[in-house]
2 protein chains.
Amino acid sequence: MADERTRAQKSARRRSTYHHGDLKRALTQAALALVAEKGPKGFTLTEAARRAGVSAAAPYRHFTDKAQLLAAVAEEGFIQLNEALSAAGEGSPDPKNRVIELGRAYVRWAVNHPDYYLSMFGTEMVKRDHPDLLVAGGRAFDNLVDAIASCLDSGVLEGQDPLEIAGPMWSLVHGVASLAIGGDLCDVGIDEDPEALVVRATTEFLAVAEPA
Amino acid sequence: MADERTRAQKSARRRSTYHHGDLKRALTQAALALVAEKGPKGFTLTEAARRAGVSAAAPYRHFTDKAQLLAAVAEEGFIQLNEALSAAGEGSPDPKNRVIELGRAYVRWAVNHPDYYLSMFGTEMVKRDHPDLLVAGGRAFDNLVDAIASCLDSGVLEGQDPLEIAGPMWSLVHGVASLAIGGDLCDVGIDEDPEALVVRATTEFLAVAEPA
DNA sequence: ACCTGAACACCGTTCAAGT
DNA sequence: ACCTGAACACCGTTCAAGT
């Protein structure tokens with residue numbers, strides 16, 4: 001209504017007791033903060049609504065359910081991861097070195113943002129149900145595929161399909177990130193820094209595909 | 001009441017409508033079934049109690065909280081994984097081949113028991129808080145370490161500490177298992193069978209550490 | 001169109017009380 | 001010692017009703 005319009009426009013003064021403009025964005029922001037604070041496990045739709053200043057039922061005007069709000073968080077995670085990877089890739093002109101640096105940047109980002117990472121690869125929702133999430137995830141993955149393709153093109157690595165190398169490589173990198181976040185490496189007595197470990201492992205792994 | 005008592009004593013001779021004997025075991029069994037049916041996410045302490053035929057408060061006589069019951073499930077998972085790995089190891093006398101077969105068996109077990117696997121590596125509880133879990137996990141991991149140590153001893157692989165190879169190797173194998181279960185590999189267009197992928201990847205990885 | 005309020009069917013957990 | 005019953009403080013979700 002007219003009243004609401006005004007309120008929204010001077011939000012700097014009036015705030016949002018009346019939840020005007022983009023509650024959707026406010027909820028996503030609140031969800032992001034909550035996941036960062038308490039992890040994806042402690043994230044609650046009700047509390048996200050509370051922080052956004054609306055009733056517990058309000059979110060259902062913008063998200064079909066809790067999982068969809070969590071998917072929005074995960075999507076933001078993939079976007080940020082993608083940015084971290086792009087930056088790392090641009091900083092490493094040499095194609096093979098770039099692949100290694102992508103691995104390092106991936107693990108670094110994951111370890112520094114464990115809650116995001118868990119929301120991206122946890123089981124609270126099924127990616128398949130959230131197309132935007134698949135797109136964002138695919139974009140992040142493409143950094144790796146492109147770098148490997150460069151290696152193949154320039155003859156630094158041998159192989160046909162870059163995916164044949166990208167699969168194992170992603171598995172390795174995700175495995176390190178995942179086990180590091182879970183504390184599992186430490187639990188079995190591996191105290192090596194995860195970044196160092198992934199650099200060592202990817203370097204060795206890539207050595208195999210080198211031309212003779 | 002008296003009625004219930006009678007029921008307890010017969011139901012196949014003795015049974016446990018009266019829940020006496022080992023409710024702890026009954027709860028663990030119920031939890032196992034629930035996790036297998038609905039995944040660790042859908043697992044509920046209340047329903048585990050319901051299936052065991054007791055009130056929602058009863059479990060607290062045997063477990064401090066929900067996480068501890070889930071830890072019992074995860075521990076059982078590690079025990080079964082350990083058995084699968086031991087069997088695979090014994091079937092492969094050649095040391096290097098044994099390492100590869102351990103990777104294959106690991107991924108196979110994980111893909112065939114995704115709910116167990118998720119309860120073992122999910123975030124519903126912190127392993128650190130459950131010593132038995134660390135022990136069981138360590139035992140499973142030792143299969144890999146021992147096999148790698150055999151390779152070093154027999155000179156099939158070069159290196160100092162088996163953990164230096166076991167770390168990347170576990171990361172790789174866990175990464176494949178984890179991404180396969182989550183459907184992430186398929187999502188980015190990698191349709192290769194996870195077992196085949198892990199065999200290929202570990203074989204290549206081990207080739208690097210071969211003596212010249 | 002967007003939000004509230006009240007309601008429903010659940011949870012995990014605690015605690016007095018029973019046997 | 002082990003379990004129940006009732007209670008508490010939450011959830012996610014739905015739906016009529018307000019503006």
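Throughout, a chain's letter reflects where its sequence line sits, starting with A, and its residues are numbered from 1. Keep in mind that the numbers below use all heavy atoms, side chains included, and drop hydrogens, waters and symmetry copies. Since we're looking at a predicted model, the values are computed, not measured.
If you take CZ of B/Phe63 and P of C/dT13, they are 13 Å apart, rounded to a whole angstrom. Going from atom CG of A/Asp22 over to atom C1' of C/dA1 covers 15 Å, rounded to whole Å. Across the protein-nucleic acid pair, A/Arg50 atom CZ and D/dC10 atom C1' stand 9 Å apart, rounded to whole Å. In this structure, the CZ atom of B/Phe43 is 11 Å from the P atom of C/dC11, given to the nearest Å. The separation between A/Leu69 atom CG and D/dG12 atom P is 10 Å, rounded to whole Å. Rounded to whole Å, the distance from NZ on B/Lys66 to C1' on C/dC10 is 12 Å. For the pair A/Gln68 CD and D/dT13 C1', the interatomic distance rounds to 14 Å; values are reported in whole Å.
Both distances falling under 3.5 Å, in either a Watson-Crick or a G-U wobble arrangement, place C/dA1 opposite D/dT19. Within the shown strands, C/dT13 is the pairing partner of D/dA7 under the Watson-Crick or G-U definition, both distances less than 3.5 Å.
Picking from C/dG12, D/dG12, D/dT4 the nucleotide with the shortest atom distance to the side chain of A/Thr44 gives D/dG12. Listed nucleotides: C/dC3, D/dT13, C/dT4. Nearest to the side chain of A/Leu45: D/dT13. Candidate nucleotides D/dT14, D/dT4, C/dT13 were compared by shortest atom distance to the side chain of B/Ala56, and C/dT13 ranks first. Picking from C/dT4, C/dC15, D/dC3 the nucleotide with the shortest atom distance to the side chain of B/His62 gives D/dC3. For B/Val54, whose side chain is taken as the heavy atoms from C-beta onward, the closest listed nucleotide among C/dT4, D/dT4, C/dT13 is D/dT4. Taking only side-chain atoms of B/Asp65, from C-beta outward, the nucleotide of C/dT13, C/dC3, D/dT13 with the closest atom is C/dT13. Looking at the side chain of B/Ala57, the nearest of the listed nucleotides D/dT13, D/dG5, C/dG12 is D/dG5.
Salt bridge status for B/Lys38 with B/Asp115: absent, with no side-chain N to carboxylate O gap under 4.0 Å. A/Glu101 has a carboxylate O that lies under 4.0 Å from a charged side-chain N of A/Arg104, or vice versa, which qualifies the two as a salt bridge.
Across the interface with DNA chain D, nearest-nucleotide mapping of A/Thr46 and A/Arg61 shows A/Thr46 to be the residue nearer the 5′ end. Comparing A/Thr64 and A/Glu47 by the nucleotide of DNA chain D whose heavy atom lies nearest to each, the residue mapping closer to the 5' end is A/Glu47.
At least one side-chain heavy atom of A/Leu152 sits less than 4.5 Å from a side-chain heavy atom of A/Ile165.
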**Message:** side-chain contact (heavy atoms from CB on, under 4.5 Å), that's the test. Do A/Glu192 and B/Leu163 meet it? Break it down for me.
**Reply:** CA-CA 10 Å; A/Glu192 188 179 1; B/Leu163 279 187; over 6 Å; no

